[in-house]
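Read through the structure below, which is laid out as structure tokens, and then see the notes.
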Amino acid sequence: MKHLEDGKGTKIVLSPDLESIVNRATVYIQAGFPIHFIGPTGVGKTALAFYITKKLNRPYTFIQGNAELTNSDFLGGVTGFTKKKLIDNYIHTVYKSEEQEKEIWTEGPLLAACKKGHTFIYDEFNRSKPEINNILLPILQERQLPLYGVKTQEKMLPVHTNFSMIFTSNPTEYTGSFKAQDALLDRMITFRLHYYDVETEAQIISGNTGLGLEQAKRIAKVIHYTRSITTETHAPSLRSAIMIATIAKRGGIKVDFSDDDFLILCTDVLFTPSIGSRSNKSEDDIQKLIIKEIRGWSGEK
Ligand SMILES: Nc1ncnc2c1ncn2[C@@H]1O[C@H](COP(=O)(O)OP(=O)(O)OP(=O)(O)O)[C@@H](O)[C@H]1O
């Protein structure tokens with residue numbers, strides 16, 4: 001298991017499987033192909049994307065998909081006006097006043113990244129409406145950016161050779177996600193991520209919070225058990241595990257299976273309205289099952 005920095009100060013944990021994914025993804029990007037991490041929420045897609053940009057040692061641009069995104073959010077647009085007043089009073093009997101108005105154009109993140117050769121992280125790209133992402137097709141195929149709505153003589157901008165893209169997405173079963181167009185998916189190399197094993201998650205929890213590894217392992221075990229009785233789209237993520245660990249550490253709560261405060265903390269964090277049972281059990285039933293299971297581990301180290 002490796003502990004490395006992602007460039008934003010976050011410690012990244014790489015199990016041998018994750019390290020292999022990162023290495024392959026880096027090679028594919030360097031060969032000129034975009035990559036895509038798809039997986040359940042909070043599995044670590046964005047963390048890997050940032051780590052890869054650090055490994056590539058190139059500047060990056062980050063944008064998050066959303067249903068309101070438009071072409072001008074990618075390419076830029078008019079963000080204001082400057083007004084200039086020219087007064088000609090050179091001869092005191094003649095007075096001439098002239099006003100000029102000029103648009104202020106601000107370059108959008110995609111246009112800037114294509115020009116400068118950044119790695120463009122498009123996080124949760126399928127939260128944007130699919131037609132908005134059409135602009136990416138010629139970039140990924142012909143390496144030309146179509147300049148829709150940009151006031152220029154050119155219709156296409158050749159993309160910098162270092163420009164690359166990392167996409168992340170949740171499967172379409174997640175609320176607020178659109179089905180991405182096949183033509184776009186066909187142009188990228190997709191890695192499917194699934195929640196990691198207890199050992200890897202314990203290392204991640206410990207690395208993110210400073211909680212001891214043994215205690216982190218107990219939290220990972222609770223999360224894993226909860227996932228075994230919930231569906232993947234409605235299961236607790238690493239984010240919930242990190243939340244439990246942070247609160248336990250800061251709040252002085254003992255991470256112990258027989259400690260009632262720990263049990264209450266786990267159920268408070270884990271029972272979000274998005275949790276869903278595999279066997280149509282009610283939220284209450286899942287909660288009871290989990291508490292019973294955790295109590296059964298009391299005395300375990
Ligand atoms: N390999 C890892 N090493 C260290 N921390 C990690 C790792 N993977 C995930 N994390 C941590 O887990 C949390 C969730 O990860 P991240 O935000 O990358 O998930 P995601 O899959 O992008 O989630 P979402 O689908 O909600 O955007 C973050 O706090 C992140 O720092």
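Just so you know, ligand 1 is whichever comes first in the structure, and atom 1 is the first atom listed for that ligand. FYI, side chains are in, hydrogens and waters are out, and symmetry mates aren't considered; it's all heavy atoms of this structure. Quick caveat, the model's predicted, so the values are computed rather than measured.
Between Asp260 and Lys254, none of the side-chain N atoms (NZ, or NE/NH1/NH2) sits under 4.0 Å from a carboxylate O, so this pair counts as no salt bridge.
Ligand 1 has no N or O atom lying under 3.5 Å from any N or O atom of Ile12, backbone or side chain. For ligand 1, none of its N or O atoms has an N or O atom of Leu48 under 3.5 Å away. Inclusion of Val13 in the set of residues having an N or O under 3.5 Å from an N or O of ligand 1 is warranted. Considering backbone and side-chain N/O of Asp123, none are found under 3.5 Å from N/O of ligand 1. At a 3.5 angstrom cut-off on N or O pairs, Asn208 counts as close to ligand 1.
Residues Phe74 and Tyr122 place their aromatic rings such that the two centres sit under 6.0 Å apart.
Of the candidates Glu19, Arg239, Lys45, Lys45 brings a heavy atom nearest to atom 21 (O) of ligand 1. Atom 26 (O) of ligand 1 has its nearest heavy-atom neighbour, among Thr41, Ile38, Ile242, Val22, in Thr41.
Not counting sequence neighbours, the partners of Asn162 by the side-chain contact (heavy atoms from CB on, under 4.5 Å) test are Arg58, His160. In this view, Phe62 and Phe50 satisfy the ring-ring contact (aromatic ring centres under 6.0 Å, His included) rule, not counting sequence neighbours.
Residue contact check for ligand 1: Gly42 places a non-hydrogen atom closer than 4.0 Å to it. Proximity of Ile204 to ligand 1 is established by a heavy-atom distance of less than 4.0 Å.
Of all atoms in ligand 1, listed by their number and element, those nearer than 4.0 Å to a heavy atom of Asn170 are 25 (O). Counting atoms of ligand 1 from 1 in the listed order, those under 4.0 Å from a heavy atom of Glu124 are 24 (P), 27 (O).
Using a 4.0 Å cut-off between heavy atoms, Val43 contacts ligand 1 through both its backbone and its side chain. Neither the backbone nor the side chain of Leu14 has a heavy atom within less than 4.0 Å of ligand 1.
Side-chain atoms of Ile132 and Phe178, non-hydrogen and from C-beta on, never get closer than 4.5 Å to each other. Side-chain contact check for Asn170 versus Arg127: some heavy-atom pair is nearer than 4.5 Å.
In terms of modelled atom types and a separation under 3.5 Å, the side chain of Thr246 and the main chain of Ile242 share a donor-acceptor contact.
The aromatic rings of Phe257 and Phe262 sit tilted, their planes meeting at an angle between 30° and 60°.
Between Gln181 and Asn134, the side chains place a donor N or O and an acceptor N or O closer than 3.5 Å (distance only, hydrogens not considered).
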